[in-house]
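One structure below.
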Protein chains: 2
Amino acid sequence: MAEKIGKKISLQTVDRMSSYRKVLEELHRAGWESVYSHQLAKLVGVGAAQLRRDLASCGTFGNIAKGYPVYKMILTISRLFGTESLQNVVLVGAGNLGQALLSYRSFEERGFHIAVIFDIDDSKVGKVFAGRRCYHIKELETILPDFNINIAILACGTQNLTELVERLRKVGIRSILNFVPKQIQAHRGIYLENVDFAGKLEKLSFINRLGRQIGTYFLGGCMVNFFAVH
Amino acid sequence: MAEKIGKKISLQTVDRMSSYRKVLEELHRAGWESVYSHQLAKLVGVGAAQLRRDLASCGTFGNIAKGYPVYKMILTISRLFGTESLQNVVLVGAGNLGQALLSYRSFEERGFHIAVIFDIDDSKVGKVFAGRRCYHIKELETILPDFNINIAILACGTQNLTELVERLRKVGIRSILNFVPKQIQAHRGIYLENVDFAGKLEKLSFINRLGRQIGTYFLGGCMVNFFAVH
DNA sequence: TTTTTTTAGTGAATATGTTCACAGCACACA
DNA sequence: TGTGTGCTGTGAACATATTCACTAAAAAAA
């Protein structure tokens, strides 16, 4: 194992960092200047020890006996994410979901701007959705390089996804937020994050059947031990 | 620690089960009757050992030297999720995102049906969206109990969320898929699953800055050891 | 029938993640 | 200045998750 030159940040920690920042923004708006680990932890719904360790893993932060400085932490976390300044992203697919994403406020608030849209449907090409122009997907190679974008959002149909991802990679995309409910093969050099709404519901349904108590259950004909969903 | 009467299924395993089933459906449509762990694992993008352990934790499945029976596994996993028959869910909020969710095909394909909608906006109340009627949120207690629903999808505004969750709990909701980008306090008896699009982008941005190589980085002024994003 | 091949299931080893518990320090107040 | 309080940061303990590596068994081949 590599020696410990710096600290290690796991992707789980990164996920939690988003929540921390979200709540810190709320506290900032409410006029808080500093916050104790146990207060913030309670608001976010994690343990205080975990929160301290998460924050510590991103550098030294808090002041003993004074807590963590709210505004400074927001900046530090933004710097970690690279969202101090607005970052352009590309949207592929201007269907129902794509258009909903275009009007999703949090993207801008949290440092992301959908700058350009591509779609395969001629009836959409040329249109401007919420201020962003939609190009035909065949123009990807011509148009996209001008924007200096490395994150793509996929909200398109299920056809030719592998080819699409490869084309995106070639024009500089390095990671993809995929809303298309179809398994996409791993591509070297592309980090793929899948968002599967139906999968989330399956999880909720599973949890509901369990009755939420710690113990042993029969489920789908199989015995299951279940331990704590906080 | 409780004794091991049955097997233990972690929520991470449940998440992966969704992916397994998704790919199994594709294989089934393509005419496969059985599949080896290493084949399925490759398609899903996990290790073969992990896949075997996940499946084993849900009961005994595969046939030695013949692999796993595709169709039977789909059924078993559905039974585990409780989605053998269509399950009704409720949607709160018929805005852009809510309407996109109403036309999201995978819900029906995977066993979920948005049966009824609530909104606070009078201009939407009484309308029918994609076959589902929208009621005013104040009618929640009158209307919802008729539907025998225990899963809610939140795609509404950020106001009064705590109160809303409490009202949902009182009319039988036991778990919530929350798309509202605001932290909701934990409620006893409610399992809350947050979907945070902006948070996902923050994660992608973080990963992009890392350069994707295993090693040590300076990031936002802090040193980071980074290990494998498969 | 016997041998060979191949794969599922799983105990044990490893790796990763979370929590405990306490040292040491900043601050408040006398 | 001295004393008490209550916080952060972190080593160590614990808990959980993943991977390795082997056994046993089914199927195929001889």
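Throughout, protein chains are lettered first and strands after them, A, B, ... in sequence-line order, and every chain is numbered starting at 1.
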Would A:Phe197 and B:Phe179 count as a close aromatic pair, with their ring centres under 6.0 Å? yes
Answer yes or no: does a side-chain N or O of B:Gln12 lie under 4.0 Å from OP1 or OP2 of D:dT18? yes
Could you tabulate the donor-acceptor pairs under 3.5 Å formed by side-chain atoms of residues 82-91 of chain B, not counting sequence neighbours?
{"from": "B:Gln87", "atom 1": "NE2", "to": "A:Ser205", "atom 2": "OG", "distance (Å)": "3.1"}
{"from": "B:Gln87", "atom 1": "NE2", "to": "B:Gly82", "atom 2": "O", "distance (Å)": "3.3"}

Could you give the [atom1]-to-[atom2] distance, from [X] to [N], as a whole number of Å?
| X | N | atom1 | atom2 | answer |
| --- | --- | --- | --- | --- |
| A:Asp54 | D:dG9 | CG | C1' | 13 Å |
| B:Asp15 | D:dT18 | CG | C1' | 16 Å |
| A:Phe61 | D:dT10 | CZ | C1' | 16 Å |
| B:Met17 | D:dA17 | CE | C1' | 15 Å |
| A:His38 | D:dC7 | NE2 | C1' | 9 Å |
| B:Leu51 | D:dC20 | CG | C1' | 16 Å |
| B:Tyr68 | D:dA26 | OH | C1' | 14 Å |
| B:Met73 | C:dA8 | CE | P | 10 Å |

Would you check if there is a donor-acceptor pair between the side chains of B:Tyr68 and B:Asn63 at a distance under 3.5 Å? no
Are the side chain of A:Arg174 and the backbone of A:Gly189 linked by a donor-acceptor contact shorter than 3.5 Å? no
Backbone N/O of B:Glu109 and side chain of B:Ser106: donor-acceptor pair under 3.5 Å: no
As an exercise, state the distance from CG of B:Asn178 to NZ of A:Lys200, rounded to the nearest 0.5 Å. 11.5 Å
In this structure, OG of B:Ser175 is separated from CG of A:Leu210 (nearest 0.5 Å) by 11.5 Å
Tell me, for nucleotides 19-29 of chain C in 5' to 3' order, what letter each nucleotide earns: B for a base near a protein heavy atom under 4.0 Å, S for only sugar-phosphate near one, - for neither? BBB--BBBS--
So B:Phe107 and B:Tyr104, would you call those rings parallel, tilted or perpendicular, with 30° and 60° as cut-offs? perpendicular
When you check the gap from the basic side-chain N to the acidic O, do B:Arg169 and B:Glu166 get nearer than 4.0 Å? yes
Residues within residues 30-37 of chain A bordering DNA chain D, heavy-atom distance below 4.0 Å: A:Tyr36, A:Ser37
